[in-house]
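Here's the structure we're looking at; comments come further down.
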Amino acid sequence: MSHEGSPASIRHTAATHTKLAFVMVGLPARGKTFIARKVARYLSWLGHRTQVFNVGAYRRAHLGSRQPHSFFDSRNEEGNRARLEMAERALSDMLAWLGQGGEVAIYDATNSTRERRAFIADACAKTGIEVVFIESICDNPDLIAANIRATKAHSPDYAQVEAEEAVADFEQRIAHYAEVYEEVDRQDGRYIKIIDVGETVVAHRIDGYLPSRLVFYLLSFHLVPRPIWLTRHGESQFNVEGRIGGDSSLTSAGLTYAQALAKFVREQASSPVVWTSTLQRTIETAKTVNLPYDPWKALDEIDAGICDGLTYAEIASQMPQEYAARRGQKFRYRYPRGESYADVIDRLEPVIFEIERERRPLLIVAHQAVLRALYAYLMDQKPEACPTLPIPLHTVIELTPTAYGCEERRFALLGPDDSTNATESSA
Ligand code: F6P
C-alpha cells in the first residue's frame, strides 16, 4: 500500500529530464561563489543531483594557490593560457559528470568575456545541455569591500599573507578583470542578472520549471545577518504516551519549556517573527512566548496517515510490513494515506523562500520531521539524511547564516531538574 518515489530520479516529485548548466558570470568579489553554493544547496535539497565546478579550485589544485595579480592580467600570455586550460579542465569534468547522471551543474568562474561564454555555451550545446548564465553585478563599494574582507582575505589564495597585502593584491586582480569585462546581454542567450544582491533581478528568456523556480529563489536573497531559531513544541501528551501525530496539548513539562522559551526570547536583542504549525502543541508553545505568531499549514508534522495516533510498537504489531518498509527506506517511505520525508520537503519549499526573504530574527516552533527537513536545507545536509537528524525536545537550535553556510548553537533550555537555566552546546 505504501508508495515510494521512482528510483530513477531522486527528485522528490516531478522529475526533470533536461540537463542544465548554470554558468556564473561576474567580476571577482561579486558573490558568485556564494550564489553558486546557495543555488546548489537549494537544488540538492529539492532532490536534483547538483554539483558546483569552481575553476578557481582547479587553478589552486593544478597551479598552486599563490598567483600574483599579474597572472590575471589579460596581457599576460602565459597566464591566459594557464587560465584557459583550467577553465577547459573544469568544463570537461562538468560535461562528463552531466553525462554520467548529474542533473544540474553550476560552473563557477568569472566568465567575463563574451568569447569565453560562447565557448562554454557551444560545448554544452554539442551534448544537449541547456545553458543559463547567472550574472552577479554589484557596484556598491561597501558591499564589495565587505565581501573582500569576509572571504578573499581568508581565501587559500592568500594563506600566510597579511590581510592588507591580500586586499591590495586582490583589488588589482579585480582591476585586470574589469578591463576586459563584457556584461551579459541578449547575444549570450538565456540569462538571469542579479544586481546588488537581489535588489534587482532581470530574467531573459527564462522558461522551464527549474530556471523559473530559480529566479523566484534568487529574488529572496539578502545578506542581512539574523538568527533563525528552530524549536519543537514543548512536550505533548502524545510525546509522553509515545504516540505519533495527533493534535494533543502540552504537558506541564511542555508548558515549563514554553516559559523557558519565552525567557530565552526576551533575553535576545530584538524580538523575532514567530511561525508555528496549525497544531495545538506549537500554538500553545507560541502563546506562552507572548508574541504575535503566524500558523502555517506547511509546518504541520509529517502526516502519518493510517498510523496517526499509534505508538511505534503498535505499528510494528498491527502493520509489520509497513513498519519494516519504513525502517528499510525511511526517507522515501510514504505512510499509507500520509506522507514521506520527501513529501515534507516538497511542501516546505514556500517556507524556505520566506525564510530567505525574512530579514528579522525568526523563531519557528514546529515538529521533529519538519524541523529535520528545514535543518537539512539550512545546514546543507543531504535530504536522505533528514530522517535521523537529531532534533530533541526542549532545545533551541540557533542557526545564523554566514557567507557560505550557517553557524550553529544549541540551547537546552531545561536542565535535568527542569530548571530554566539554558545550557549551550555547539554542534
Ligand atoms: O514522535 C513525535 C513526532 O513528531 C511524530 O508526530 C512524528 O510522526 C515523528 O516524530 C517523526 O519522527 P520519525 O520520522 O523519526 O518517526
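Numbers for residues simply follow the sequence, beginning at 1. Treat the numbers as computed from the prediction; the structure is a model and nothing was measured. Indexing begins at 1, ligand by ligand and atom by atom, following the structure's order.
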Could you tell me whether E183 atom CD has more than 12 heavy atoms of other residues or ligands within 6.0 Å of it?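 Enclosed.
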Just checking K330: does its NZ atom have more than 12 heavy atoms from other residues, nucleotides or ligands closer to it than 6.0 angstrom? yes
When you measure from the centre of the six-membered ring of [Y], is the NZ or CZ of [X] under 6.0 Å away and within 45° of the axis?
X	Y	answer
R332	Y341	no
R326	Y333	no
K193	Y191	yes

Least distance between heavy atoms, R281 atom then S236 atom: CD-CB, 3.8 Å
Run through ligand 1 for me and note each protein residue having a heavy atom under 4.0 Å from it, chain first, then residue number.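 Under the 4.0 Å cut-off, ligand 1 touches R232, N239, I244, G245, E301, I302, Y312, R326, K330, Y341, Q368, R372.
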